[in-house]
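Given the structure is predicted, the values throughout are model-derived calculations rather than measurements.
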2 protein chains.
Amino acid sequence: MEDRTDKASSDKATYQVTADDVAKLAGVSRWTVNRAFKKEASISAKTREKVMQAADTLGYLPDLLAASLASDRSNLVCLMVDDFANPHKLVMLERLTRILRKHGWDSLLVNTANDTETSAALMSASQRRVDAAVVIGIQFNDSNLATAQGARRVRKLIVFARSSENPDTISVCCDDVAAMDTITDYVIERGYRKPLFLAGPQTSSAHLGRKETFLRRWSNEFGQTPDFLVADRYDARLAYDLIHGTFVDRSVQDLPDIIVCENDALAMGAVDALRYGLGLRVPEDIAVTGFDDIPQVDSPNYKITTYRQPLTAMAEGLVEILRGTADNSALNHFRGQLVVRESA
Amino acid sequence: MEDRTDKASSDKATYQVTADDVAKLAGVSRWTVNRAFKKEASISAKTREKVMQAADTLGYLPDLLAASLASDRSNLVCLMVDDFANPHKLVMLERLTRILRKHGWDSLLVNTANDTETSAALMSASQRRVDAAVVIGIQFNDSNLATAQGARRVRKLIVFARSSENPDTISVCCDDVAAMDTITDYVIERGYRKPLFLAGPQTSSAHLGRKETFLRRWSNEFGQTPDFLVADRYDARLAYDLIHGTFVDRSVQDLPDIIVCENDALAMGAVDALRYGLGLRVPEDIAVTGFDDIPQVDSPNYKITTYRQPLTAMAEGLVEILRGTADNSALNHFRGQLVVRESA
DNA sequence: TTGTACGCGTTATCAA
DNA sequence: TTGATAACGCGTACAA
C-alpha cells in the first residue's frame, strides 16, 4: 500500500483512486465501499453516508471496466448505423442514447456503412462484451448476422424501428401494417386513385414490409396493383434521380396523382424532383406522403404529410428487452400517428 | 480446468473462450497466445501461425475489457453531442466513427443535450477510462469542463470542428479566420454591401469566432460594423423565426442584401423565412451563405453557397492527437474550401 | 450488516 | 523467443 501512496503524491494526475483507498479513509472494508455504490445493497444508511463522503473527498468512482469484467455485464450497447444520409438516423440516435443512458446503458456507435468493415466493427464490439447489438432502421443482412452469431459474446441481436422475421433477432418497431393502413386510408379518403409507391432498399424477407402492405391493400381495394420504384438507399438525391428519370419523358396522363414514399428522405427527394426537375406542383399536380416525420419535412419548403413513430416508447421497449423483462411478442406492435401537412 | 470443460459442454452459448484454451490446444503458454495477437511482438512466424489456427478453430478473440483493465488503455473515445437538430452532426459522426475505427478506436456516443445529464454521462465515460472526450462542433462549457477535469480518468479533452482557447483542451478545427476571409472576399467581390450576420450560440470566449472575424473584417474594409442576430441553437426553425420576426415589419430599403450565416442549419432556416415568411426571392432580393456544406443544402430547394471543412483530414488529425504524435499547434489551421451554388 | 477467498482475462515485467 | 509471477479493480458467494 505504501507505493500506492507514493504514486499518489508523485504523479497525482494518473493515480487511480480505488475502492481500497476509500475503504481505508472511511475505516471500512473494500466490499462495504462497493455496497455503498449499489442501489439495493444491505448496508446501513450511516455507513453508506460515511463511505460516500470519503469517496467524495477522494474523487472515487467505481471502475466500469473492472466491474464489467467481474460481473460479465457491460451495460454497453452497440448501435449500428449504416446510412448517414438519412436525417432520421440522427433523431433515432438522439432518442436511443438519451433513453439508454437514463437506464444506465452507454452506447457504442458503430459505423457499418462500409460493408467490409462491418464485421470487424461487430467483432470489436463483441470483444467489449456489449449486452446487445442494435441495428437502426434496417435489418441485419446475412453477412452481419453470421458475424454477430460467430461473435458469441454478443448476447442479443436487436432490430430497431424495423420489423424482422429472423428468429435469432428481436425486433422493436411499430406495426407497419397498421401504419400503412392508416396512410392508405388517408390516400383513398382524399380521393387519390393513381398511386406510385417509392420503396427503399429491398430485403429478401419482407412479407410485411411497407411496400408489400400498401400494394396488397390497394389491390384488395381497387383490384389492381400500383406501380412502384425501388431506391437502393434512403437518400433524397437518389429519390430525385429516380423520380426525375422515370417521369421526365412521360405524358401527363401517365403520371401518378400521388407518390407514397417509404420514408421522408425519399419523399423530400421526390418533392424536389417534381418541383424542380419536372416543373410540377405539389400537391396540386402530384401529391406526396412520407414516413418518420423528420424535422426537415416540417420546413415550409416541404410540409410533407407523414407518419410519426413513437420513438420514445420504442426506446423504452428496447430497455425492457435489455433487462429481459419484456414480453417480446408485443414489441413489434407500436402504433404511431399520421401527421397531416400540405403535401397530400 | 476441468470445470471449464464442463461449462463448455453444458452451456456452450455462454462459454467464453480464453487465451488459456487456445494455449492448451496450440501447445504453448497463454502469454504466447497473446503475443500472437499483438502486431509487434517477438514471436516466431511458425508459432504465431500455430496459435492463430488454434484460435480460429476455437473462435477466440482477445477480451478488450480485460485488456483495457490490465493495460490502462481503453481504445475508446467518448463523442459528446449536444445538438441533434443540425444534420451536420450526422456527417461528422459518420466521419469520426469511420476514421477512428480504422485506427482501432471505438466510439462511445454520449448525448449531452440535457445539461443536467451531461455531467453524469461524462462521469460514466470516465469510469470506462475513455482515452479522450471529444465535443463535436461546440466548445466545452464551464460546467462540462469542471466535470471532465474532476473525472480524472478522462485523459484528453478535445474540441472537434471548433476553435477553443481553453488551455486544458485541444482543438481540431479549420482556421475560422481564413474561412471567413474567404467568404467575406466572395461577398464583397459579388458586390453585396449590406450584410447581416446570423450567428449561432455565443460562447464567452470567442475572439476568433466566425462572427467576430466577419464583423471585424467588414469594419476594416468599409468602416462600419454590420448588424447581426444571434440564435441560441443551430436550428433551422429558430433561424426562421428570428429572420422572420426581425424583418416582417421592416421596409424594403432597410433590408440587408445578404445574410451571412454561421452554418448551414441557420442558412436553411433563413432561406425558408425569406421565401415563405417574407415573400422574397433568394438570391435576387436577399442572398444567403452558409457553412459546413451539409447534404441538404445541395437540394434544388436551397442550393446554398457554403464552406466545406476537410473533415477527413481533421479526423485523421484527431487520431494523431490520440496517439500523442501530433504537433498540436498545427491542428487548428485546417483549410476548407468555398462551395459556390446559387444562393449568393 | 459486514468481512473474506477467489475469480474475471488480460498486460507488464522479469527470468529462462 | 518463450514461460512465469504479479498486478489491474471489482463482483460473487459465503462466512462471520
Side-chain angles (χ1 to χ4, degrees), chain A residues 1-4 6-8 14-24 26-51 55 58-75 124 126-129 152-153, chain B residues 1-4 6-8 14-24 26-51 55 58-76 126-129 152-153:
Chain A
M1 202 54 75
E2 279 85 333
D3 51 339
R4 266 303 183 67
D6 282 356
K7 259 206 285 180
T14 30
Y15 171 59
Q16 169 133 314
V17 183
T18 76
D20 272 320
D21 302 319
V22 178
K24 199 161 56 171
V28 297
S29 75
R30 172 168 77 72
W31 296 270
T32 302
V33 172
N34 278 316
R35 284 194 192 93
F37 277 89
K38 298 213 75 168
K39 268 278 184 290
E40 353 72 11
S42 54
I43 184 176
S44 75
K46 203 166 52 187
T47 310
R48 170 173 270 153
E49 175 60 26
K50 193 169 57 180
V51 169
L58 257 43
Y60 169 79
L61 284 177
D63 185 330
L64 257 37
L65 242 40
S68 299
L69 181 60
S71 71
D72 200 31
R73 261 176 289 104
S74 64
N75 279 294
S124 169
S126 89
Q127 289 179 264
R128 291 189 192 276
R129 303 204 193 179
R152 298 200 295 243
R153 285 173 190 151
Chain B
M1 202 55 72
E2 279 86 333
D3 52 339
R4 264 302 183 69
D6 283 356
K7 257 204 291 180
T14 32
Y15 172 59
Q16 168 134 317
V17 183
T18 75
D20 271 321
D21 303 318
V22 179
K24 200 162 53 173
V28 298
S29 75
R30 173 156 65 82
W31 298 273
T32 301
V33 172
N34 279 314
R35 280 192 194 95
F37 278 88
K38 299 214 75 168
K39 268 279 184 289
E40 352 74 9
S42 53
I43 184 177
S44 74
K46 202 167 52 188
T47 310
R48 169 173 272 153
E49 175 60 26
K50 192 170 56 179
V51 169
L58 258 42
Y60 168 78
L61 284 177
D63 186 328
L64 257 36
L65 242 41
S68 299
L69 180 61
S71 72
D72 201 30
R73 262 175 288 105
S74 63
N75 279 295
L76 240 191
S126 89
Q127 289 179 264
R128 291 189 192 276
R129 304 204 193 180
R152 298 201 293 241
R153 283 173 192 152

Tell me, please, which residues at least two apart from S71(A) pass side chain to side chain donor-acceptor pair (under 3.5 Å). none
Please confirm whether the backbone N or O of P62(B) pairs with a side-chain atom of Q127(A), one donor and one acceptor, at under 3.5 Å? yes
Which whole-number value in Å describes the distance from N34(A) CG to dG9(D) C1'? 9 Å
When you measure from the side chain of N34(B) to the backbone of W31(B), do you find a donor-acceptor pair of N or O atoms at a distance under 3.5 Å? no
Would you indicate what R73(A) reaches in the nucleic acid, counting non-hydrogen atoms under 4.0 angstrom: base, sugar-phosphate, or nothing? sugar-phosphate
Please report how far the helix from dT1(C)-dA16(D) to dA16(C)-dT1(D) bends, comparing the axis fitted to its first five pairs with the axis fitted to its last five, to the nearest 10 degrees. 30°
Could you work out, with side chain to side chain donor-acceptor pair (under 3.5 Å) as the rule, every residue matching S74(A), not counting sequence neighbours? D131(A)
Atom pair distance, as rounded to whole Å: CD in Q127(A) and P in dG9(C): 14 Å
Whole-Å gap separating C1' (dC10(D)) and CG (D20(A)): 10 Å
Could you check if a side-chain atom of N75(A) sits within less than 4.5 angstrom of a side-chain atom of L64(A), using non-hydrogen atoms only? no
Provide, to the nearest angstrom, the distance between the CG atom belonging to D72(A) and the P atom belonging to dT12(D). 10 Å
Atom-to-atom span, CZ of R128(A) to C1' of dT10(C) - whole angstrom: 14 Å
Of S44(A) and A66(B), the one whose nearest nucleotide on DNA chain C sits closer to the 5' end is S44(A)
Spacing between L64(A) atom CG and dC8(C) atom C1', to the nearest angstrom: 15 Å
Where the side chain of T18(A) is defined as all heavy atoms beyond and including C-beta, which of dG3(C), dG9(D), dA12(C) is the nearest nucleotide? dG9(D)
Name all residues meeting the side chain to side chain donor-acceptor pair (under 3.5 Å) criterion together with R48(B); count only those two or more places apart in sequence or in a different chain, and write none if there are none. none
Separation of dG9(D) atom C1' from D21(A) atom CG, nearest Å, is 11 Å
Let me spell it out: for each of T32(B) and S71(B), pick the nucleotide of DNA chain D with the closest heavy atom. Which residue's pick is nearer the 5' end? T32(B)
Using a cut-off of 4.0 Å on non-hydrogen atoms, how would the nucleic acid contact of L69(B) be classed: base, sugar-phosphate, or nothing? base
Close side-chain approach of T47(B) and V28(B), heavy atoms under 4.5 Å: yes
Can a side chain N or O of Q16(A) be found less than 4.0 Å away from OP1 or OP2 on dG9(D)? yes
Anything under 3.5 Å between a protein N or O and an N or O of nucleotides 4-6 of chain D, put it in a table, one pair a line.
{"unit_1": "dT5(D)", "atom_1": "O4", "unit_2": "W31(B)", "atom_2": "NE1", "d": "2.7"}

List for me each residue that meets side chain to side chain donor-acceptor pair (under 3.5 Å) alongside S124(A), sequence neighbours excluded, and say none if there are none. R101(B), D106(B)
Atom CG of D63(A) and atom C1' of dG9(C): how far apart are they, to the nearest Å? 14 Å
Give the intermediate values and the outcome of side chain to side chain contact (heavy atoms under 4.5 Å, CB included) for residues K24(A) and R30(A). CA-CA 8 Å; K24(A) 199 161 56 171; R30(A) 172 168 77 72; over 6 Å; no
Note, L69(B) side chain near D63(A) side chain (heavy atom, < 4.5 Å): yes
Does T47(B) reach a base, just sugar-phosphate, or nothing at all? Heavy atoms under 4.0 Å. sugar-phosphate
